[in-house]
Amino acid sequence: MTYILLFWEFFKTGLLSIGGGYATLPFLVNISETYGWYTQEQLTNFIAISEVTPGAIGINMATFAGNVTAGLLGGIIATVALVLPAIIIILSLSTFVPNYRENAFFNRIFYGIIPVAMALLVGTGWRLFSVALLSFTSTKTIIGAWVLFIALCLLYLPKHPFKVSPFLLLFIGGIWGFVFF
């Protein structure tokens, strides 16, 4: 039964997470809260690991969540379920509506969905921010995490004179965590 439920939840996630891998986050938070298959802390770890491993972040997170929930088969089921709606939609649109981006009907739908997707991302971002930066128990860890967070935010500002790659930021964070935490 867990496999069927896992498939269904990740199929819905794949169907409704419009906007890329990070758009899966609100759904993953909801799955965590509804079923308790993984904790919010584990979800923040899924994000960190997914950022530094090759592949799409949403797919990587689905694989990790499925694996934690139901082992290797659960990881496979969650991954397949997440990508299946995209495959179906892309094949259908390319077959039946080849110029869908020029179609007024689809454009209106997208204009309505974009603000909702952004609101979901901001809300989920706040939840994960709370878990990642507001739930430490050690003063040393709190200070270290906030110093790193502020420094890396400043380095990644659009008007910063240096171009810093996200990979470098993740690398710096990993080294910082290893040395100071």
Side-chain angles (χ1 to χ4, degrees), residues 2-94 97 100-101 106-107 109-133 135 149 152-153 156 164-174 177:
T2 300
Y3 293 128
I4 294 169
L5 194 54
L6 189 66
F7 180 88
W8 174 242
E9 288 299 325
F10 279 92
F11 184 85
K12 288 189 311 187
T13 300
L15 182 63
L16 300 172
S17 57
I18 296 167
Y22 286 108
T24 63
L25 289 176
F27 300 98
L28 293 174
V29 168
N30 184 59
I31 290 169
S32 169
E33 292 172 350
T34 303
Y35 300 104
W37 289 338
Y38 45 86
T39 66
Q40 298 291 313
E41 290 80 17
Q42 286 175 308
L43 182 57
T44 59
N45 289 335
F46 298 161
I47 295 167
I49 294 167
S50 296
E51 281 286 350
V52 296
T53 54
I57 187 167
I59 295 170
N60 290 349
M61 287 190 300
T63 305
F64 292 130
N67 189 51
V68 165
T69 302
L72 179 61
L73 184 57
I76 293 168
I77 288 171
T79 303
V80 169
L82 186 80
V83 299
L84 190 58
I87 293 169
I88 293 169
I89 291 169
I90 289 168
L91 289 175
S92 298
L93 282 177
S94 65
V97 190
Y100 75 93
R101 286 300 292 160
F106 286 106
N107 281 332
I109 290 172
F110 289 134
Y111 289 141
I113 288 174
I114 290 170
V116 174
M118 289 306 301
L120 288 170
L121 285 172
V122 168
T124 302
W126 174 251
R127 283 181 177 187
L128 295 174
F129 175 83
S130 298
V131 170
L133 290 172
S135 65
F149 176 73
L152 294 182
C153 281
Y156 203 64
V164 181
S165 80
F167 176 77
L168 180 60
L169 296 177
L170 289 166
F171 182 74
I172 291 168

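All values reported here derive from a predicted model rather than from experimental measurement. Positions are given from 1, in the same order as the sequence printed here.
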J.: Apply ring-ring contact (aromatic ring centres under 6.0 Å, His included) to Phe27 and list each qualifying residue two or more places apart in sequence or on a separate chain.
T.: none
J.: Decide side chain to side chain contact (heavy atoms under 4.5 Å, CB included) for Phe7 and Leu84; before the verdict, give the C-alpha distance in whole Å, the side-chain angles of both, and the deciding distance to 0.1 Å.
T.: CA-CA 10 Å; Phe7 180 88; Leu84 190 58; 4.0 Å; yes
J.: Do the non-hydrogen side-chain atoms of Met61 and Leu82 ever get within less than 4.5 Å of each other?
T.: no
J.: Can you run down the side-chain hydrogen bond (donor to acceptor under 3.5 Å, both in side chains) pairs that involve residues 64-74, sequence neighbours left out, and say none if there aren't any?
T.: none
J.: Return each pair, listed once, that meets salt bridge (Lys or Arg N to Asp or Glu O under 4.0 Å) where at least one residue sits in residues 23-48; pairs must be two or more places apart or across chains.
T.: Glu33-Arg127
J.: If you round to the nearest 0.5 Å, how far is CG of Asn30 from OG1 of Thr24?
T.: 12.5 Å
J.: Is Thr34 reaching over with its side chain to a backbone N or O of Ile31, donor-acceptor style, under 3.5 angstrom?
T.: no
J.: Heavy-atom distance under 4.5 Å between the side chains of Leu15 and Ile89, does that happen here?
T.: yes
J.: Is there a side-chain contact between Phe10 and Ile77 (heavy atoms, below 4.5 Å)?
T.: no
J.: Run the ring-ring contact (aromatic ring centres under 6.0 Å, His included) test against Tyr35 and tell me which residues pass, sequence neighbours left out.
T.: Trp37
J.: Output the distance between atom CD1 (Ile88) and atom CG (Leu91), rounded to the nearest 0.5 Å.
T.: 8.5 Å
J.: Are the side chains of Leu43 and Phe46 in contact, using a 4.5 Å heavy-atom criterion?
T.: yes
J.: Between Ala78 and Ala62, what is the shortest heavy-atom contact and its length?
T.: CB-O, 3.3 Å
J.: Sequence neighbours excluded, which residues qualify as side-chain hydrogen bond (donor to acceptor under 3.5 Å, both in side chains) partners of Ser32?
T.: Gln40
J.: What pairs meet the side-chain hydrogen bond (donor to acceptor under 3.5 Å, both in side chains) rule with one or both residues in residues 55-66, with sequence neighbours excluded?
T.: Thr53-Asn60, Thr63-Thr79
